[in-house]
Amino acid sequence: MRNPIPDLLDELRERCADDDGGEVLSTIPELAKADPDRFGIGLCTIDGTVYGTGDAEHRFSIQSISKPFAYALALADRGRDTVLEHVGVEPSGDSFNEISLEQSGRPRNPMINIGAITTHALIGHEGISRKQRDKRVQQGLSAFAGRKLDVDEEVFASEQSEASRNLALAYLVHAREKLDGEPHHAVEGYIRQCSLLVDVRDLAVMAMTLAAGGRNPVTGEQVVPTWVCTQVLSVMATCGMYDASGQWMSTVGIPAKSGVSGGVLGALPGQAGIGAFSPRLDEIGNSVRGVRAFEALSADLGLHLMHAPEVASHVLYGVVEPDADGDGLREVQLQGTMHFAAVEVALRELEEVPDGESFVLDLSRVASATDVGRRLLLEAVERMRADRREVRITDPHDILGG
Ligand code: DON
């Protein structure tokens, strides 16, 4: 095979597999049965290519990794303002099942149990029945995965029988009037949500859907609006790995979410969706090998979000000067993606065009533009034309059109 990526993932998995630290969760009986040595990694790209290594097809209950997706559904169904009235967006600094409420009674964020149960109760339209909500959650998460996800009834029953703490959290929020509906219904629905079965390939596709602005790269379905993904990824970045979130962001630098069954999901905007699974957990509750795998992936593949690529300096493909005898037009040729920083470089180049001189703005090597980039370029062209300058635009990909 010419593509080195499968070998690279196999090798990376091997390297992380020698770590047998940590313990399988013992508090949920059905999860305590997991084979501690399982280890799989999945990776999905923006065009929907999915790579898998190790136990890539082994299914496990999604657990807390369902939280960002449930948050996405609540945002899409009820809007940002309503969701923010009920659940905050600040890291709690507490463990995942703590009573982390703000003064107002609002849970601190949707990634800890108290906030996730409250978020679950917001999914669907107001007054939706429990059954319909369960269906919406199952369908919604399935749309993120690109295949129908099923509930593991044994895991569900096991967690339902040990739900005192989650019930206590739900009743507390209800008493503060931030949880809609019956607390025990919210907990039951939340536990069903946590019991959905996935493998690491599913996690990779789900993550890539978030990282691609809500469009599932495999099915092509727009699962949630793009603004929802921006909100969800932001909260994952600050709150996704419990009280290790700050350390995670500095070492791995990929918005992520972990779960007690041993899964870790990471979504790097515009680039990759990653899933890892290995049941032994560290003392914070994150998969030991899962964390190792993400650290290695981030370092080996240069995936740290804060490691900014140097795009702005390559915006200018070239400038063609007019002939000495005055024939021909000056041509300013741009390339790449016209986001704010790139366009800023381009605009300064346009300033260099001598007064009164006509020129060609060549966008044939430009791949895409953000709204801001397009707006700024159009504004500059308009100003130059208002200056009675002739500006010709070569725009075969209709970058400025849409
Ligand atoms: O509610 C619970 O405690 C579990 N269903 C899920 C918790 C979880 O995955 C937290 N993650 N580390």
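First listed ligand is number 1; within each ligand, the first listed atom is number 1.
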In sequence, state the C-alpha distance, the side-chain angles, and the governing distance for Glu57 and Val200, and then conclude on side chain to side chain contact (heavy atoms under 4.5 Å, CB included). CA-CA 7 Å; Glu57 264 122 53; Val200 289; over 6 Å; no
side-chain hydrogen bond (donor to acceptor under 3.5 Å, both in side chains) evaluation trace for Gln193 with His120: CA-CA 9 Å; Gln193 170 196 310; His120 176 88; 2.9 Å; yes
Does the side chain to side chain contact (heavy atoms under 4.5 Å, CB included) test come out yes or no for Asp199 and Asp202, once each step is laid out? CA-CA 5 Å; Asp199 61 29; Asp202 295 325; 3.3 Å; yes
Would you check, one step at a time, whether the test salt bridge (charged side-chain N to carboxylate O under 4.0 Å, His left out) holds for Glu352 with Arg348? CA-CA 7 Å; Glu352 298 298 313; Arg348 275 188 288 112; over 6 Å; no
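Proximity of Ile191 to ligand 1 is not established, as no heavy-atom distance is less than 4.0 Å. Remark: distances from the non-hydrogen atoms of Asn166 to ligand 1 include one below 4.0 Å.
Each of the atoms 9 (O), 11 (N), 12 (N) of ligand 1 lies under 4.0 Å from some heavy atom of Gly259. Near Phe96, meaning under 4.0 Å from one of its heavy atoms, ligand 1 places the atoms 3 (O), 7 (C), 10 (C). Per-residue contacts place Ser64 under 4.0 angstrom from the following atoms of ligand 1 (heavy atoms of the residue considered): 6 (C), 7 (C), 8 (C), 9 (O), 10 (C), 11 (N).
Glu159 contributes atom CD, which lies 12.0 Å from atom CD of Glu188 (distance to the nearest 0.5 angstrom).
At under 3.5 Å, not a single nitrogen or oxygen of Cys194, backbone or side chain, sits near a nitrogen or oxygen of ligand 1.
Of all protein heavy atoms, the one lying nearest to atom 1 (O) of ligand 1 is Tyr190 OH, 2.7 Å.
When Lys67, Met111, Glu159 are checked for heavy-atom proximity to atom 5 (N) of ligand 1, Glu159 turns out nearest.
Contacts between Asn113 and ligand 1, counted as non-hydrogen atom pairs separated by less than 4.0 Å, involve the side chain only. With a heavy-atom cut-off of 4.0 Å, Arg165 does not touch ligand 1 at all.
Counting heavy atoms from C-beta outward, Arg147 and Leu149 have side chains that approach closer than 4.5 Å.
A donor-acceptor pair shorter than 3.5 Å can be found between the side chains of Asn166 and Asn113.
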